[in-house]
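What follows is a set of notes on a single structure, which appears directly below.
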Amino acid sequence: MTQDTTFIIRADAPIGTISPRLYGHFAEHLGRCCYEGLWVGTSETNIPHEAGFRSDVLGALRALPVPMLRWPGGCYADHYHWRDGIGPASDRMVRLGMSCDLQVEDDNSLGTHEFLHLCQMLGAEPYLAGNVGSGTVQELCDWLEYCNSTVRTKLARERAANGSSEPFGVRLWGVGNENWGCGGNFDAVTYALEYRRYATMMRHVDPTVELVACGLEEPRMFANGFDSSWNAKLLNTLGRHINLVDHLSIHTYWVDGGPQTEFSEDEYYRLLDEAEAMEQNVVRTAATIKEATGGRHRIGIALDEWGVWHPEARPWGPRGTAVCQSPVTYEQANTLRDALAAGIALEGFHRQCNVLTLANLAQIVNVLQAVVMTEGPHMWLTPTYHALRLHQPHLGATALPVDVTQGSSLASGTRAVSATASHSDSGLAVTLINRHWDQPATVRIAGTGSTGKASGQLLAADSPRASNSLHQPDRVAPVALDVQGDGHDYRVELPPHSLATITFQLSR
Ligand code: AHR
């Protein structure tokens, strides 16, 4: 049976700007993300690279694009001492690389200069996550001074001696990571007092930085005993110093979709529902911020880790589903289902673009919901990569509401076909998702204001379980979508479990 859906684009009621920061990524020293996935070093490798970073991966990421990149963790950040990663590579200390229960040798060959060079090569804004768990205020202030100082201090001269006479001007700084858990098991009030000290001193070093405080808004974590009033306690403890917070970080992982590839229809919908529900974490966080600030100070929400985390890539439940590899590599399959889930999340980002100020998909290469996978000298793109790429026209554009005048619903009550729209100087873009497991959809789009050319790209496959691999790198890849239209109303046919973006030239 084909479903019929009609959308009306509301160009008359713009929501706000979709900051490119909502399309950020996350690179942690975890498993094969940073080492191997991004960084192969400048010696002893046959893999083509630019200044130590894999050329194939760079090419893919440049095309995505990657507007912002968070590093070096994650849980790793609260063990990271930035001085270990500067200076001649041969002098760098091999440290215990610790994140998520992994213990590996970390030779620190990918350090501050290398990471910031990667950001320059990608055109990405850097976002550095500072160490609160095992660091000091002075250590983080020194890192900030080293990166940003325009005054010729000893640290700035050391930076110049290490290759960068110009300051890096890093604006985004995280003050710890998940400090309610791996980042030190703080309680909210103690973390707030620590945060106040860190943020005060960091602002003295560079008043222009944007500081990200560690928050928590995740019902799954509350069910596991974590403090459901962490955000309120943190902000209320800061009191008149609340203006030290520019962004409040929350993390959301979808963990309830059953096996990574052999999921059932029920599990398919469960994962999509989790992705849909993530928006409510943002909405609740915004309400807490509003209550605490009384609207007198703007604090954005930083969803600086999000995505799917399948049982095969973690050593913990729920539902007893963990199929722990030993050791856990944090690598997982990435199917068309995961790509649709990412698309659903992005619909929410667009709707919340006035309160959500940045977001980072976890993680960028090889680990968790990676957009790129590598195996030795080979690389392939995941379905999630393609889903993000199809969202490219929305970056920096103005989000528009989309009304549904006709359309069927799924058992969970969500629409079977959903849409997000935006307009910019280059035209109007509409991204559609047919969430239905096995039914195609005919979709009509009105209110585009376009009498010009429309073109579409479709991401689909014979099964939502389809993924790409070393041997089948293009099983899930975009193809052209036929768009029928009379200059005002347009029509497309979407196969089941598919995502498509249609771009319309606007009439002048
Ligand atoms: O992304 C993997 C881990 O998930 C991060 O290190 C941590 O912040 C989160 O718990």
Side-chain angles (χ1 to χ4, degrees), residues 3 217-224 226 250-284 303 305-324 328 330-349 351-352 359 361-362 368-370 382-384 387-388 407-420 432-441 459-467 476 494-499:
Q3 322 149 77
E217 180 56 67
E218 170 57 277
R220 178 173 60 84
M221 302 306 285
F222 301 153
N224 286 328
F226 286 90
I250 57 172
H251 293 171
T252 302
Y253 287 102
W254 315 315
V255 299
D256 212 8
Q260 55 186 0
T261 49
E262 296 312 310
F263 49 85
S264 64
E265 182 177 338
D266 273 1
E267 289 165 335
Y268 164 85
Y269 283 125
R270 223 157 57 207
L271 186 81
L272 300 194
D273 288 346
E274 268 192 287
E276 175 84 21
M278 181 165 78
E279 183 178 355
Q280 293 314 308
N281 294 359
V282 175
V283 169
R284 280 192 301 274
L303 182 59
E305 289 182 31
W306 68 273
V308 65
W309 196 332
H310 290 303
E312 290 83 348
R314 59 178 203 243
W316 40 272
R319 292 176 192 257
T321 48
V323 191
C324 171
V328 181
Y330 297 92
E331 293 186 25
Q332 61 188 23
N334 187 307
T335 63
L336 179 56
R337 172 179 72 156
D338 301 327
L340 301 184
I344 290 169
L346 294 170
E347 289 176 356
F349 291 7
R351 281 189 291 265
Q352 300 306 326
L361 177 62
L368 300 183
Q369 195 168 356
T382 66
T384 300
L388 290 188
S408 51
S409 295
L410 299 169
S412 62
T414 57
R415 293 279 173 194
V417 184
S418 52
T420 187
L432 304 166
I433 302 175
N434 181 6
R435 305 179 184 197
H436 210 286
W437 172 259
D438 58 10
Q439 286 177 25
L459 190 66
D462 53 349
S463 162
R465 301 185 184 111
S467 61
V476 185
L494 295 182
H497 51 261
S498 64
L499 181 149

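Just so it is clear, the model here is predicted, and its values are computed rather than measured. Reckoned from all heavy atoms, side chains included, excluding hydrogens, waters and symmetry mates. One-based numbering along the sequence shown.
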Distance, nearest 0.5 Å, that separates CZ of Arg284 from CD of Glu279: 11.0 Å
Where do Ala419 and Glu347 come nearest, in terms of heavy atoms and distance? N-OE2, 3.6 Å
Compare every heavy atom of Leu410 with every heavy atom of His436, then report the nearest pair and how far apart it is. CD2-CD2, 3.9 Å
Working to the nearest 0.5 Å, report the span between CZ of Arg220 and CH2 of Trp254. 12.5 Å
What closest approach, in Å, do Glu267 and Gly257 show between heavy atoms, and which atom pair accounts for it? CB-O, 3.3 Å
Step by step, work out the side-chain contact (heavy atoms from CB on, under 4.5 Å) result for Tyr268 and Leu340. CA-CA 10 Å; Tyr268 164 85; Leu340 301 184; 3.5 Å; yes
For the residue pair Trp437 and Tyr269, categorise the inter-ring angle as parallel (less than 30°), tilted (30 to 60°) or perpendicular (more than 60°). tilted
Does the side chain of Thr414 pick up a donor-acceptor pair with the side chain of Glu276 at under 3.5 Å? no
Which residues pass the ring pair (Phe, Tyr, Trp, His ring centres under 6.0 Å) test with Tyr253, sequence neighbours left out? Trp309
Indicate yes or no for a side-chain donor-acceptor contact from Asp338 to the backbone of Thr384 under 3.5 Å, with no hydrogens or angles considered. no
At what distance, to the nearest 0.5 angstrom, does CG of Leu361 lie from CG of Leu368? 9.0 Å
Give, for atom CD1 of Ile344 and atom CZ of Arg435, the distance between the pair rounded to the nearest 0.5 Å. 3.5 Å
